[in-house]
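Here is the structure we will look at.
Letters A, B, ... mirror the listed sequences (proteins, then strands); counts begin at 1.
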Number of protein chains: 2
Amino acid sequence: MTPPKLLDEAALKARELQIINSAVLLIQKIGIENLTMDKVVAEVPFSKGTVYKHFIGKEDLLLAISNYAIGLLADLFYRAYQFKGCARSRMLLLNFSYLIYAMLYPALFQTVLCAKSPNVVGKSSEKHIKEGERLDVKLMTSINGIVEDALNDGSLVLPLNMDVQQICFSNWSMAYGAISLLSGEVEQCSGRTSLIVERELFNHSNLLHDGMGWQPLTKDSSHCNELKIALDKLFPQELAKIKAKGRELNFDSFSSPA
Amino acid sequence: MTPPKLLDEAALKARELQIINSAVLLIQKIGIENLTMDKVVAEVPFSKGTVYKHFIGKEDLLLAISNYAIGLLADLFYRAYQFKGCARSRMLLLNFSYLIYAMLYPALFQTVLCAKSPNVVGKSSEKHIKEGERLDVKLMTSINGIVEDALNDGSLVLPLNMDVQQICFSNWSMAYGAISLLSGEVEQCSGRTSLIVERELFNHSNLLHDGMGWQPLTKDSSHCNELKIALDKLFPQELAKIKAKGRELNFDSFSSPA
DNA sequence: TTAATATGTGACGATTCGTCACTGACGAAA
DNA sequence: TTTCGTCAGTGACGAATCGTCACATATTAA
């Protein structure tokens, strides 16, 4: 039996993270649908009661993993925000960083999808729900930064009756909707649809941004080529990892319909 | 003990529907997070073994309920498709019928969100997965019809490198993303965000359709007023039910940012 | 009439969950 | 130094949930 000792916040957080990491590995091994607390407990050097001190149940653990994943994604978003290039290209790059993350960390991506489900929220602790809300704001920060840059340089003018937050939300919900509905196509083509997630994401981004009047418009620019170059510059290691998993972004599909 | 008897497809389907209806009522009573098979069995005049003949588990039941909900939604979509009006207005109307359905049947709406989650799909029968795929196609049928009408009357020209299916998917994923991410605002304002689901849905529809060049453009039309009138004409009873639940579509918010 | 088939049942064992009495380390008080 | 109180870790245990299938019954076929 591990001797009890006084714990500070950092030690608690480190232990929580250790449990989360073990759970993620387990999800990769057995699939998210077979995850149970007993199985997680078997993977960590802590007792069941200790694990329940961190998470009130499986759904709370899933939410905590989701929060961790959103934190990772926010880092990718930040890198896209910082990239040198016109604002609209950076937003497109940011949208693709979401797809990169989903391809790179399918277990984390799936956990976020699960965590957005009503039955997970209904069985999670206030602590992790609040943390999730803060992370959602963090996720919006880079989107917000790009929109502000675009407003400042004049490439974007706020559409009538819309403010910055709404613009940011429209971009996020567009990417979220497309990638969620095509989640079965993220790791590989399922053969069940002719829709291609990277192509649809590209097209939806362009339609939405054109609808906003965000310069340069699609007809005036080679967004596809720029995106390719930018991705290679910003995420070379991530792209290499994805390639090593047998998946590549299918840029050729962008110029052909389904 | 109910005497065994030979069953035909219709009787099986009717029984399955009876179980589904009881489960929906139960979800309304106890919340989706507290649903268990034992509790469902307690609500229906069948044994546990009989219920398990229809659903291989709770997740399969959730998927079956979700399929039922999608069927309902497809009917609303069809009504929007049949409405008299310009194609773009009918598409906006169709998007709003999705919100109407979510407000009207929150338990069904939540079940669809749950059913799209990876852990539900991973624990469902091929039968209900396949049925879900067919219903997804059914859902797209009305969207498809409106797009075809728009192409035929010239109000929409296919954007470069996109086909009809992709246009349909972009509309659906846009609405799905917005309403899913704002699912906590569907029944009532949560106070946690200044985003308003009906306003964001309206704005995203307009941005996306403008991006497609779908006539009439937002700047040339009073989409808001038309929508209001169309909703009153097409869904008077549904709107009355929603109002009786203490919720109304906040059209006034459309002309003011967050 | 007997045997085979189809269907409904709920007792039962397996699994998962969440709790808490017990244990032990440590610091404070006597 | 000894005793007491507090804090943290533990896993046995009872409750809840799950999924199965031996048994019972009605109907059909031989």
> In whole angstroms, how far is the P atom of D:dA16 from the CD1 atom of B:I30?
Replying inline: 14 Å

>> Tell me if a side-chain donor or acceptor on A:K48 pairs with a main-chain N or O of A:V41 at a distance below 3.5 Å.
In response: no

> Hey, is the main chain of A:V121 close enough, under 3.5 Å, to the side chain of A:E59 for a donor-acceptor pair?
Replying inline: no

> If we only count heavy atoms from C-beta on, is the A:E198 to A:L201 side-chain gap below 4.5 Å?
Replying inline: no

>> Expressed as a whole number of angstroms, how long is the span from A:I19:CD1 to D:dG9:P?
In response: 10 Å

> Considering only heavy atoms from C-beta outward, does the side chain of A:E131 approach that of A:L63 to under 4.5 Å?
Replying inline: no

>> Would the distance check show the side chain of A:S47 and the main-chain N or O of A:T50 forming a donor-acceptor pair, the cut-off being under 3.5 Å?
In response: yes

>> Could you check whether any side-chain N or O of A:N67 sits under 3.5 Å from a backbone N or O of A:H128, counting only pairs where one atom can act as donor and the other as acceptor?
In response: yes

> What are the residues of residues 32-65 of chain B, sorted by number, that bring a heavy atom to within less than 4.0 Å of DNA chain C?
Replying inline: B:F46, B:S47, B:K48, B:G49, B:T50

> Nearest-Å distance, CD (A:E16) to C1' (D:dA8)?
Replying inline: 16 Å

> Between atom CD in A:E9 and atom C1' in D:dC7, what is the gap in whole Å?
Replying inline: 16 Å

